[in-house]
Number of protein chains: 2
Amino acid sequence: MPDVKHFDPDAVLEQVEHLFWRRGAATTGIAEVVAATGLSRSSLYATYGGKQELYAKALRRYVERRSEPMFRALAADGRGLPAVAAFFDALIEARCTGEYAGWGCMAANAHAEPAGPQVRDLLGRHHGMLRAALRAALETAGDQLRPGLDLDATAESLTLLAYGVNVRSRAGADAAALRRGVTAALDALRPTAL
Amino acid sequence: MPDVKHFDPDAVLEQVEHLFWRRGAATTGIAEVVAATGLSRSSLYATYGGKQELYAKALRRYVERRSEPMFRALAADGRGLPAVAAFFDALIEARCTGEYAGWGCMAANAHAEPAGPQVRDLLGRHHGMLRAALRAALETAGDQLRPGLDLDATAESLTLLAYGVNVRSRAGADAAALRRGVTAALDALRPTAL
DNA sequence: CCTTTCCTGGAATGGTCATTCCAAGGTAGC
DNA sequence: GCTACCTTGGAATGACCATTCCAGGAAAGG
């Protein structure tokens, strides 16, 4: 009983993820998925279900395998503000140079198109985990931060900043400009130098 | 020679703008545009061109008639930080309550889909004008700001923040949370109270 | 080595897409 | 009131969409 697949489902899903990430869900046809993966239509449908499910699975892979590892590293990094700065540096680097430049963040992109409950859950989870990671990083910042700062609200503002970076990077925003904006936001959190 | 149209082209374009704004370009069919406007296909094509041109015209209307008036008001308001706070309050109010709640910003949404040169120009213009307006407002803030602040970089960071608000509001983000995030970002710009 | 079982590939299908075309209708000038 | 012209509405068109189906094939158990 060869109930083993003749291909690696996760490797294929990664190619699908790349396709939906770059092109979006609505404008990407199954024919393109077939061409990109080399699989046949029937194998795709049998393995992953229809297009909506396929997109949801690809987005899930993106969130779990790409976003959340970065969020976990940020939350575990105990350095405080330098950790936050490193996170944003890595984000801008990933968004503006290399293989995925100009693709933006797949989760941020997904906000623009009509989404089913699965996708909506993933977007809420993405936002919640980023916010929690930033909050955790800020908690370790101690006196790197100006006194009296509301950590919850600050984490929320940095989360929104990250979404802004993601969106604008898709329009080919200048990496240096993004870095300046992020640096300004982080510098404002520091105590006033005397 | 009745070269007058039997309808108001701008009123129709506003309905089209609403449709594309809410539903996105790729997922909206011409049939829906016909149903929403009451016009016939031939009138639409004769007046506005094909779907791409129609979308570009609708986005142009959005930028010129909705975004830029707010940007101009922000740039002309001489109050400094309160002007910026009022701008963000109005933004969140518009994004989370009333007729357009959950629609996000049409220009921010447009980042997610493949765009022709016209659309790309409009997105650059949108970002540039918002950034310039924030910069102008910050210039009038005087000692409401902590000393030594880089106004260019701060304007960029607030621009990114606004895009973040726009994106997240499309996923039904809580208005109060957005307000807290914005407030934290603005508070960080103020001089430290002693 | 043969049978059984499930996966695979390509063709087939009904629906929807953007776009075009043509006859009908209404208005301005004469 | 008549003619000429432009706009309109609805039907027609060809391409592409997501999805399904069926025959062929490869691998494991006996």
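Quick note on labels: first sequence line is chain A, next is B, and so on, each numbered from 1.
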Where do N or O atoms of nucleotides 12-17 of chain C meet protein N or O atoms at under 3.5 Å, pair by pair?
none

Reckon Ser42(B) touches a base, only the sugar-phosphate, or nothing at all at heavy-atom distances under 4.0 Å? base
Rounded to the nearest angstrom, tell me the gap between atom CD in Gln52(A) and atom P in dC17(D). 17 Å
Examine dT8(D): is either OP1 or OP2 under 4.0 Å from a nitrogen or oxygen in the side chain of Ser43(B)? Give yes or no. yes
If I take atom OH in residue Tyr45(A) and atom P in nucleotide dT8(C), what distance separates them, rounded to the nearest angstrom? 16 Å
Could you tell me which residues satisfy side chain to side chain contact (heavy atoms under 4.5 Å, CB included) with Asn166(A), sequence neighbours excluded, listed by chain and number? Leu91(A), Arg95(A), Cys105(A), Ala108(A)
Would you kindly give the CG-to-P distance between Leu39(B) and dT8(D), to the nearest whole Å? 7 Å
For the residue pair Tyr55(A) and Met106(A), establish whether any side-chain heavy-atom pair is separated by less than 4.5 Å. yes
Taking side chain as C-beta onward, heavy atoms only, is Met70(B) less than 4.5 Å from Leu74(B)? no
So Gln144(B) and Pro82(B), do their side chains get closer than 4.5 Å, heavy atoms only? yes
Separation of Glu53(B) atom CD from dA18(C) atom P, in whole Å? 15 Å
Mind checking whether Arg66(A) and Glu17(A) have side chains closer than 4.5 Å, heavy atoms only? yes
Over-ring placement of Arg61(A) relative to Phe20(A), 6.0 Å and 45° cut-offs: no
